[in-house]
Amino acid sequence: QGKFTLLRDTRTDGSFLVHHFLSFYLRAGCKVCFVALLQSFSHYNIVAQKLGISLTAAKERGQLVFLEGLKSCVDLLFGEEAEEQSGEPCPLQFMSESNCDLRALFNFVRTSLSPAGSDSWKGVVLLVDDLSVLLSLGARPVAVLDFIHYCRVAVCCQLQ
């Protein structure tokens, strides 16, 4: 509890660690918010099935909140769904705005991990794969650092 881990890979592909952490925390009974900016849900689901976990089942029981960044980008850019079903702005709204802050993405994370009345999860976990994609989408480095800081405070300090 209260840990923040940042993985950085330069010469090798460290994506296997994302799959490891995802399956580990779902098996441990934690609520997981997964901001997947690099791959699709089906990719992560196929790998998780090979590890003995069903992401679809975890989503259905409310244990996994999955933001599919690729799909959200396409929806936002082509105007198919500018708002989520809940009426909240798209978490990647910064792509279509001039201020480029990640406030909507942080609000998505905070809302996703906030405990509901019937939640009995052993803890909360935030996984983000891959922060550099935010830079490629137009977010400023300072905004990404602010996002990391606020997520760390929300998950480690407020939600323990």
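Only a predicted model underlies this, so the values are computations on that prediction, with no experimental measurement involved.
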Applying side-chain hydrogen bond (donor to acceptor under 3.5 Å, both in side chains) to Ser40 and not counting sequence neighbours gives Ser42
On a heavy-atom basis, which atom in Leu135 and which in Ala139 lie closest, and how many Å separate them? CD2-O, 3.5 Å
How long is the gap from CZ on Phe106 to CG on Asp146, to the nearest 0.5 Å? 11.0 Å
Atom pair CD/CG of Gln63 and Leu55 - distance to nearest 0.5 Å: 10.0 Å
Should Tyr150 and Val109 count as side-chain neighbours, where that means a heavy-atom distance under 4.5 Å? no
Do Val32 and Val65 have side chains that get closer than 4.5 Å, going by heavy atoms? no
Is there a side-chain contact between Lys31 and Val125 in this structure, where contact means two heavy atoms from C-beta onward sitting under 4.5 Å apart? no
Output the distance between atom CD (Gln39) and atom CG (Asp130), rounded to the nearest 0.5 Å. 10.0 Å
Any side-chain heavy atom of Leu102 within less than 4.5 Å of one from Val144? yes
Evaluate the side-chain proximity of Leu22 to Leu64: yes if any heavy-atom separation is below 4.5 Å, no if none is. yes
Could you check Val35 against Leu105 for side-chain contact (heavy atoms from CB on, under 4.5 Å), going step by step and ending with a plain yes or no? CA-CA 9 Å; Val35 179; Leu105 183 57; 4.3 Å; yes
Side chain Ser23, main chain His20, donor-acceptor under 3.5 Å: yes
Would you check if Leu38 and Val133 make a side-chain contact, meaning some heavy-atom pair closer than 4.5 Å? yes
Measure the shortest side-chain to side-chain distance between His19 and His43 over non-hydrogen atoms and say whether it is less than 4.5 angstrom. yes
Please list, chain by chain and in numerical order, all residues satisfying ring pair (Phe, Tyr, Trp, His ring centres under 6.0 Å) with His149, sequence neighbours excluded. none
Please round to the nearest 0.5 Å and tell me the distance separating atom CZ of Phe34 and atom NZ of Lys59. 12.0 Å
Which residues satisfy the ring pair (Phe, Tyr, Trp, His ring centres under 6.0 Å) test with Phe41, sequence neighbours excluded? Phe66
Between CD of Gln49 and OH of Tyr44, what distance do you get to the nearest 0.5 Å? 15.5 Å
Linking I/L/V/M/F/W/Y whenever any side-chain heavy atoms sit under 4.5 Å apart, do Leu127 and Leu17 land together? yes
With heavy-atom distances below 4.5 Å as the criterion, would you say the side chains of Leu37 and Leu131 are in contact? no
If hydrophobic clusters are built by linking Ile, Leu, Val, Met, Phe, Trp and Tyr wherever their side-chain heavy atoms come under 4.5 Å apart, do Phe16 and Val47 end up in the same one? no
Supply the atom-to-atom distance Cys33 SG to Leu113 CG, rounded to the nearest 0.5 angstrom. 5.0 Å
